[in-house]
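Computation of the quantities below employed the complete heavy-atom set of this structure, encompassing side-chain atoms and omitting hydrogens, waters and symmetry-equivalent molecules.
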Amino acid sequence: MRLSSITSGILALVGLSHAASLTQVSNFGSNPSGARFYIYVPDRLASNPAIITAVHYCSGTANAFYTGSPYARLADTHGFIVVYPESPNSGGCWDVSSNAAYTRNSGANSHAIVNMVNWTIEQYKADRNRVFLAGLSSGAMMTNVLAATYPDVFKAASAYAGVPAGCFYTGTTAGWNNTCANGQSITTQEHWAQTARNMYPGYTGPRPRMMIYHGSADDIIYPRNFNETMKQWAGVFGYTYGSPAQTLPNSPAAPYTKYVYGENLVGIYGSGVTHNIPINGALDLEWFGITGQPAATSSAASGPTTTPVASSTLTTSVRTTSTSSAAPVTTTPAGCTAPRWGQCGGQGWSGCTVCAAPYTCTFGNNWYSQCL
């Protein structure tokens, strides 16, 4: 008995000594912005593993996102690697507001994150065709920026409570843009799409599939940003914003509604959900193809053909705003009804404006009305 106990204790210590943990990597390539790189490699690593790049929120850290999100625990089950970048900026926000952030290989935070991914691919022989993105708040903003600027690196992404790529521009590193945060940077689908395209001029290859989450009660990154982000990616993929192929109430569960535009774009909108939106790790893994069907990609050429505008227009192209207090003018598609919790109006909204019985289209603000 005594020998058995000693042996068990030794085995337990051996197990602990090899237990996976969050580890910092100091030398991973060019890093002028000073972003920090942490990585989680599970003990049972799959052959040619997938990578999820998990990008934290403002005031967050790599360790906070490691402990507060489900990706590391899911990695233990499914054998993928999680890259946890950490912002070097004061306040912990990411640089999603400078010209460099929107420019490939510029030395900005976005470039550093891509170098972290490339280092991980080389070090662990990871699968370049299974590199994914997930981010919350400022991390979701970075997710959209990375998806636009490095579409050849990432295959699918989930963005929680973010803004469109380019919306947060201030011309400064890690600046704060109140107009964008407050849901007042409003423009057309094609304008947003061209803003994303300008981050990699001339690119016509595959782009990451996008899943966009937001809550209707978000008073930090206002809910109108859900609509504007959906506009952007609908335009990039050639869908018509406001006309999803499917609208699924209580999906993935109440109080969310899922808007499926096609295989490359899904929006998930939570009624009454605040900026503290829960991360649905299991659904993200399905979207990425780590569980379920493999994540497909689509060529940008499937969208509308446009002539790229000069990149210098990027910083001014998203400043369209609305301050009118008049009720928004919308056009209702024939026979279209919005479900309970669904959007039914707002400045720029082109979807359903009639609610399914017995619900009523209730004014929330100039940019958002909802079936309640």
Side-chain angles (χ1 to χ4, degrees), residues 29-33 35 51 53 55 83 85 94-118 121 128-135 139-159 162-169 171 173 187-212 228-239 264-265 295-318:
S30 178
N31 184 27
S33 74
I51 298 171
T53 306
V55 193
V83 168
W94 292 100
D95 176 15
V96 291
S97 55
S98 71
N99 280 317
Y102 310 144
T103 305
R104 288 172 63 87
N105 305 321
S106 64
N109 291 170
S110 51
H111 184 199
I113 292 172
V114 169
N115 284 342
M116 296 174 197
V117 169
N118 287 333
I121 291 170
R128 289 186 180 275
N129 292 313
R130 295 196 300 150
V131 178
F132 309 110
L133 267 171
M141 300 180 197
M142 178 58 80
T143 294
N144 284 313
V145 167
L146 285 167
T149 310
Y150 295 93
D152 52 333
V153 174
F154 302 99
K155 302 306 176 184
S158 293
V163 303
C167 183
F168 231 65
Y169 175 78
T173 299
T187 187
T188 65
Q189 168 177 308
E190 180 52 30
H191 205 172
W192 278 127
Q194 192 61 58
T195 298
R197 294 187 198 108
N198 287 345
M199 295 181 190
Y200 191 174
Y203 179 75
T204 58
R207 292 183 181 271
R209 301 164 69 243
M210 301 300 296
M211 186 153 63
I212 309 301
E228 300 306 299
T229 306
M230 293 297 290
K231 277 186 193 176
Q232 182 169 68
W233 294 112
V236 166
F237 288 118
Y239 303 125
N264 296 305
L265 179 62
T297 56
S298 175
S299 171
S302 64
T305 303
T306 61
T307 302
V309 298
S311 60
S312 61
T313 65
L314 174 67
T315 60
T316 58
S317 64
V318 298

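Between the side chain of Lys155 and the backbone N or O of Arg209, no donor-acceptor pair lies under 3.5 Å. Between the Ser106 side chain and the Tyr102 main chain, no donor and acceptor come within less than 3.5 Å of each other. A donor-acceptor contact shorter than 3.5 Å links the side chain of Gln232 to the backbone of Ala165.
The distance from atom CG of Asn264 to atom CE of Met210, rounded to the nearest 0.5 Å, is 10.5 Å. To the nearest 0.5 angstrom, Ile121 atom CD1 is 11.5 Å from Arg130 atom CZ. Residue Ile113 holds its CD1 atom at 5.0 Å from CG of Leu146, rounded to the nearest 0.5 Å. In this structure, the separation between CE on Met230 and CD1 on Ile212 is 6.5 Å, given to the nearest 0.5 Å. Interatomic distance, NE2 of His111 versus CE of Met116, reported as 11.0 Å (0.5 Å rounding). In this structure, CE in Met211 is found 11.5 Å from CZ in Phe132, a value given to the nearest 0.5 Å.
A side-chain donor from one of Ser33 and Asn109 sits under 3.5 Å from a side-chain acceptor of the other.
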Is there a side chain to side chain contact (heavy atoms under 4.5 Å, CB included) between Asn99 and Tyr169 once you walk through the steps?
CA-CA 8 Å; Asn99 280 317; Tyr169 175 78; 3.7 Å; yes

Apply side chain to side chain contact (heavy atoms under 4.5 Å, CB included) to the pair Asn115 and Asn31, showing each step before the final yes or no.
CA-CA 8 Å; Asn115 284 342; Asn31 184 27; over 6 Å; no

Side chain to side chain contact (heavy atoms under 4.5 Å, CB included) between Trp192 and Glu228, worked out:
CA-CA 8 Å; Trp192 278 127; Glu228 300 306 299; 2.6 Å; yes

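Ring geometry for Tyr200 against Tyr203 counts as parallel: the plane angle stays under 30°, on a 0 to 90° scale with 60° as the upper cut.
By the side-chain hydrogen bond (donor to acceptor under 3.5 Å, both in side chains) test, Ser98 pairs with Asp95, sequence neighbours left out. In terms of the side-chain hydrogen bond (donor to acceptor under 3.5 Å, both in side chains) criterion, residue partners of Ser158 (sequence neighbours excluded) are, by chain and number, Asp284.
Closest heavy-atom contact between Pro201 and Met199: CD-C, 3.7 Å. Heavy-atom minimum distance, Pro208 versus Ala156: CB-N, 3.7 Å. Closest heavy-atom contact between Glu190 and Arg197: OE2-NH1, 2.8 Å. Between Ser97 and Ala101 the shortest heavy-atom distance is N-CB, 4.4 Å. Residues Ala35 and Ala112 share a closest heavy-atom pair of CB-CB, 3.8 Å. Taking each heavy atom of Phe168 and Val96 in turn, the nearest pair found is CB-O, 3.7 Å.
For the pair Phe237/Arg207, a side-chain contact is recorded, criterion being any heavy-atom separation below 4.5 Å from C-beta on.
The list of side chain to side chain donor-acceptor pair (under 3.5 Å) pairs with a residue in residues 142-153, not counting sequence neighbours, reads Arg104-Asp152, Asn144-Trp233.
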